[in-house]
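First listed ligand is number 1; within each ligand, the first listed atom is number 1. What you see below is based on every heavy atom in this structure, not just the backbone, and it leaves out hydrogens, waters and symmetry mates.
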Amino acid sequence: MSPQPTLAVRVLEKRDAAIDVLSLVLVSADGAPLPPCSAGAHIDITLPNGMVRQYSLCRVGPAGSAYEVAILRDPGGRGGSACAHRDIRVGDTLAISRPRNLFPLVPAGHSVLFAGGIGITPILAMADTLHARGESFELHYCSRAPERAAYREALEAAAYARQVRFYFDNAPEQGRLDAAGVLAALDGDAHLYVCGPAGFISYICEAARGAGWGEGRVHFEHFAAPAAAAPANGNGSFELVLARRGLRIPVGADQTAAEALLAAGVPINLSCEQGICGACVLPVLEGVPEHRDVFLSAAERDSQRCFTPCCSRARTPQLLIDL
Ligand code: FES
């Protein structure tokens with residue numbers, strides 16, 4: 001589905017990183033180095049059942065020798081994680097995209113990293129990178145239980161282990177994460193990074209807002225779209241007007257804008273199809289989008305100058321798109 005160029009990789013290792021978490025080490029199928037990337041990057045993997053899913057790179061081998069990803073089994077998902085756990089074998093060749101980084105580290109006097117569950121994957125890469133650069137950071141890692149915390153042992157053995165604090169739901173006596181307290185203790189040149197379930201991200205972002213942190217210092221990445229509340233009036237139909245092609249494309253109440261575009265023969269980039277990755281973002285010239293993604297920033301939403309056709313809709317009868 002995604003038109004992004006693909007790379008062929010071979011599965012070098014498949015192992016359990018925690019209960020219900022699978023780790024894959026991927027190497028180039030032809031022996032050439034894999035593309036360089038920075039902490040926070042993710043790749044799309046085409047799974048054996050044809051689904052395309054995004055996974056953060058939690059480790060990158062020296063000189064592009066390998067990528068490592070971790071995949072949580074999600075019984076409530078659409079089948080991607082179950083397929084990965086069940087069907088991927090050591091030695092298989094998989095198609096992946098080049099890495100993209102929508103969650104990069106920025107220069108800061110101090111970085112505070114928050115991971116909830118499988119959200120540790122980009123956060124681990126960030127911690128390794130910050131440590132290698134000799135930069136100031138701390139990591140707060142929340143999980144249901146120690147045996148469900150992927151990379152816990154690696155973090156406990158890391159040279160920066162003293163900068164890592166664990167919080168387990170089944171061991172409250174060891175302390176609960178007090179995000180407001182953590183943030184209140186930091187000064188104005190610190191940045192925070194959070195990845196995890198939507199509720200966890202909301203909790204951290206609320207704490208940051210409450211502590212007076214500006215949006216520019218708060219960075220987050222969802223690994224699954226939060227469950228969207230059904231709009232009270234359901235999905236309305238609307239029309240996409242493609243300015244450069246001179247096309248008018250109706251979007252029915254029972255289809256996404258992306259589906260309508262593809263059905264009309266208009267190629268668009270698609271990847272997550274959940275409003276997470278930003279692959280599909282289109283520029284809007286007129287009209288008011290109804291944003292249902294978690295990718296666009298508040299400033300981008302307020303500008304009304306772009307929208308994600310995989311999940312977002314329109315508040316006006318038409319959207320004029322620069323396409
Ligand atoms: S395809 Fe990922 S945000 Fe639309």
Side-chain angles (χ1 to χ4, degrees), residues 1-6 37 40-47 49-57 69 71-72 74 77-81 83-84 95-104 118-119 121-122 194-198 201-202 219-229 231 235 238 240 242 249 251-252 254-285 287-315 319 321-323:
M1 183 74 80
S2 171
Q4 293 179 31
T6 54
C37 58
H42 71 270
I43 54 173
D44 293 0
I45 299 181
T46 304
L47 299 173
N49 65 1
M51 287 180 155
V52 177
R53 289 290 177 267
Q54 292 74 46
Y55 299 105
S56 294
L57 296 175
V69 298
I71 303 173
L72 173 69
D74 178 6
R78 294 184 291 169
S81 66
C83 170
I96 67 169
S97 69
R98 300 178 71 84
R100 290 201 303 155
N101 199 342
L102 305 172
F103 190 40
I118 195 64
T121 50
V194 53
C195 186
I201 292 176
S202 296
H219 313 269
F220 56 87
E221 182 167 79
H222 289 271
F223 58 77
N235 286 336
F238 59 102
L240 295 172
L242 307 193
I249 299 173
V251 181
D254 59 347
Q255 64 182 164
T256 66
E259 288 168 347
L261 287 163
L262 292 172
V266 178
I268 55 167
N269 289 347
L270 279 181
S271 184
C272 71
E273 300 182 64
Q274 299 180 76
I276 301 170
C277 72
C280 66
V281 172
L282 293 177
V284 174
L285 300 171
V288 180
E290 180 182 297
H291 298 291
R292 296 187 183 178
D293 63 282
V294 293
F295 173 76
L296 296 177
S297 67
E300 288 168 327
R301 287 162 175 257
D302 291 347
S303 77
Q304 307 289 15
R305 294 277 66 94
C306 51
F307 97 127
T308 51
C310 68
C311 61
S312 296
R313 304 189 70 80
R315 293 188 191 281
L319 288 181
I321 305 294
D322 189 9
L323 199 65

Worksheet item: With a 4.5 Å limit on heavy-atom distance, are the side chains of E300 and R305 in contact?
Response: no

Discussion item. I'd like to know if I276 contacts ligand 1, where contact means a heavy-atom distance under 4.0 Å to any ligand atom.
Written reply: yes

Discussion item. Just checking: C277, one of its N/O/S atoms, less than 2.8 Å away from atom 2 (Fe) of ligand 1, yes or no?
Written reply: yes

Worksheet item: So, is C311 placed with an N/O/S atom under 2.8 Å from atom 4 (Fe) of ligand 1, counting both backbone and side chain?
Response: no

Worksheet entry | G275 neighbourhood, listing ligand 1 atoms whose heavy-atom distance to it stays under 4.0 Å | 3 (S)

Worksheet item: Would you find more than 12 non-hydrogen atoms of other residues, nucleotides or ligands less than 6.0 Å from F238 atom CZ?
Response: yes

Worksheet entry | For atom 3 (S) of ligand 1, the protein heavy atom that lies nearest, with its residue and separation | G278 N, 3.2 Å

Worksheet entry | N/O donor-acceptor pair under 3.5 Å between T308 side chain and C311 backbone | no

Worksheet item: In a check of side chain to side chain contact (heavy atoms under 4.5 Å, CB included) between L261 and each of V266, L270, V251, which one passes?
Response: V266

Worksheet item: What do the steps show when you test I45 against V52 for side chain to side chain contact (heavy atoms under 4.5 Å, CB included), and what is the final call?
Response: CA-CA 6 Å; I45 299 181; V52 177; over 6 Å; no

Discussion item. Closer than 4.0 Å to some heavy atom of E273 - which atoms of ligand 1 meet that?
Written reply: 1 (S), 2 (Fe)

Practice prompt. Please tell me if the side chains of C277 and R100 come closer than 4.5 Å, counting only heavy atoms from C-beta onward.
Written response: yes

Item to complete: Number the atoms of ligand 1 from 1 as they appear, then name those within less than 4.0 Å of a heavy atom of C280, with their elements.
Response: 1 (S), 3 (S), 4 (Fe)

